Amino acid sequence: MTDAALEPDRIEGAPHPRETQRLFGQDAAEQEFLRSFAQGRMHHGWLITGPRGVGKASLAWRLARFLLAEEEGAGGGMFGPPETLDISPDHPVAHRIAAGSDPGLLPIRRSVDEKTGKLRSQIVVDDVRKLRGFFGLSATDGGRRVVIVDPADEMNASAANALLKLLEEPPAGAMLLLVSHQPSKLLPTIRSRCRELRLRPLNAEDMTHALTQAVGQADDGVALAQLSGGSVGEAIRMTSGDGMALYAEIIAMLGHLPRLPRPQLRKLAESAGGRGAEQRFDLMVRLFDLALSRIARAGATGQAMPEAAPDEAQVIARLAPTPQIARLWAEQAAELGARARAARAVNLDPAALVLDMFLRLEAATAKALG
């Protein structure tokens, strides 16, 4: 069994993408791949893009299972081309991939630095050089070989150039699946040699199904889809950190503007300080920024959005009644977000930073809100 601590492509609290049996909300991308497969025009390089946490890695592993389970050129036959990427969990390929032992699949991700014993911050050229021996096997048995690079954005320059050579002159039977959160960071020549599959944020219904599969619960699917930006990964992080309750606290606090109640504010700020509260602090900063951005967007467009916390719509309507005041919230989101990142970099006390953020917002909105 692969050591979970050495898997940077795993979200804490959720199964590894190779264990995901179904992918929700990405039917268009799956069907695009299946059409290519059925037509016998399979590209050797696929770039799987989209926001973080929407299922890119899960799709890559689904594609790998499908390709290794299907014989070369099996897109036709008496039953016609396959209509889904689903492979039975009882299939030998599914068992081998789940165990991390299929000889036809090689994941490329950040590896452990032997000198430090820790994961590297980048995918290095030695990681990509493993592909020489891996593809050499296909010369002896003629089988298909699938590579998952996750995420390709983390390759350093030498690793990227080594991978580019493989894309330019792919070995027979090679299939490279590149997962990318920010394709603009990749070499243009890498992007041009891959066919793109772009994944989209999930809606509330798909979010509910995906969370039920991943963590066995689906409460607040609508709210989580709103706050996570349609990212299952972010939704899982929020649920594990009690993010929904924390966001409700932030909205309730903002509802007191232009005068914040000091006792409740100090209690909220102090909950982000102390030992072991680092994750709560980081989550609080993200949710604070998100709350301000949602207020700004609703005020600028004049359109209500689904509530992500009790009474949120009422709070937003009062705090951003006009596009002019909405600009104030957008400015505060940008200013306070930058200030929080700078303060975090120099290890400012988290509780003091949270308190400062709310008090600065109070001062900025006092005049606008009367």
Side-chain angles (χ1 to χ4, degrees), residues 2-12 16-18 33 42-65 67-68 97 100-139 143-199 233:
T2 306
D3 186 351
L6 303 182
E7 294 181 326
D9 50 350
R10 178 192 291 270
I11 296 174
E12 185 176 354
H16 188 277
R18 67 170 170 269
F33 184 89
M42 288 293 291
H43 204 282
H44 61 274
W46 292 80
L47 182 61
I48 306 173
T49 66
R52 288 181 180 272
V54 296
K56 297 188 298 299
S58 295
L59 176 59
W61 286 89
R62 276 174 63 77
L63 293 177
R65 273 195 302 269
L67 290 167
L68 294 173
I97 288 181
S101 61
D102 195 294
L105 173 63
L106 180 64
I108 298 295
R109 50 200 173 196
R110 288 184 288 130
S111 56
V112 174
D113 187 328
E114 295 180 358
K115 295 180 180 179
T116 65
K118 298 180 180 180
L119 283 171
R120 293 186 171 94
S121 60
Q122 294 179 310
I123 296 173
V124 298
V125 68
D126 286 344
D127 298 323
V128 178
R129 284 174 178 162
K130 297 175 185 176
L131 297 178
R132 294 177 180 174
F134 176 68
F135 284 127
L137 296 175
S138 63
R144 177 179 276 140
R145 291 290 181 267
V146 181
V147 174
I148 298 174
V149 185
D150 184 15
D153 314 338
E154 292 181 348
M155 291 187 294
N156 65 18
S158 298
N161 283 317
L163 186 72
L164 176 60
K165 292 179 181 179
L166 284 170
L167 287 168
E168 291 174 335
E169 300 179 9
M175 178 69 68
L176 287 85
L177 306 174
L178 280 60
V179 174
S180 177
H181 311 306
Q182 295 179 285
S184 60
K185 289 186 175 182
L186 297 175
L187 294 174
T189 43
I190 287 181
R191 298 200 305 269
S192 68
R193 283 167 173 78
C194 294
R195 183 168 171 178
E196 184 176 9
L197 291 174
R198 181 160 183 81
L199 275 57

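Position 1 is the first residue of the sequence, and the numbers go up from there. Here the structure is a predicted model, which is why all the values come from computation and not from measurement. Just the heavy atoms: all of them, side chains too, but no hydrogens, waters or symmetry mates, feed the values below.
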Stepwise, does the side-chain contact (heavy atoms from CB on, under 4.5 Å) test hold for R195 with F33?
CA-CA 10 Å; R195 183 168 171 178; F33 184 89; over 6 Å; no
CG on L177 to CG on L63, rounded to 0.5 Å
5.5 Å
Considering all heavy atoms of both residues, which atom of R120 and which atom of S111 are nearest to each other, and what is their separation?
NH1-OG, 2.6 Å
Just verifying a value: how many Å separate L186 CG and L164 CG, rounded to the nearest 0.5 Å?
11.0 Å
For the CD atom of E154 and the CD1 atom of I123, what is their distance to the nearest 0.5 Å?
5.5 Å
How close do H43 and C194 get, counting heavy atoms only, and between which atoms?
CE1-CA, 4.1 Å
Would you compute the distance between atom CZ of R62 and atom CD1 of I48 and round it to the nearest 0.5 angstrom?
11.5 Å
Donor-acceptor under 3.5 Å (K56 side chain, L199 main chain)
no
Using a cut-off of 6.0 Å, state whether more than 12 heavy atoms not belonging to K130 lie near its atom NZ.
yes
Nearest heavy-atom neighbours spanning S180 and D153
OG-OD1, 2.6 Å
Which value, rounded to the nearest 0.5 Å, describes the distance between L176 atom CG and R145 atom CZ?
13.0 Å
Which heavy atom of L68 sits nearest a heavy atom of G104, and at what distance?
CD2-O, 3.8 Å
The reported gap from OG1 in T49 to CZ in R198 (rounded to nearest 0.5 angstrom) is 4.5 Å
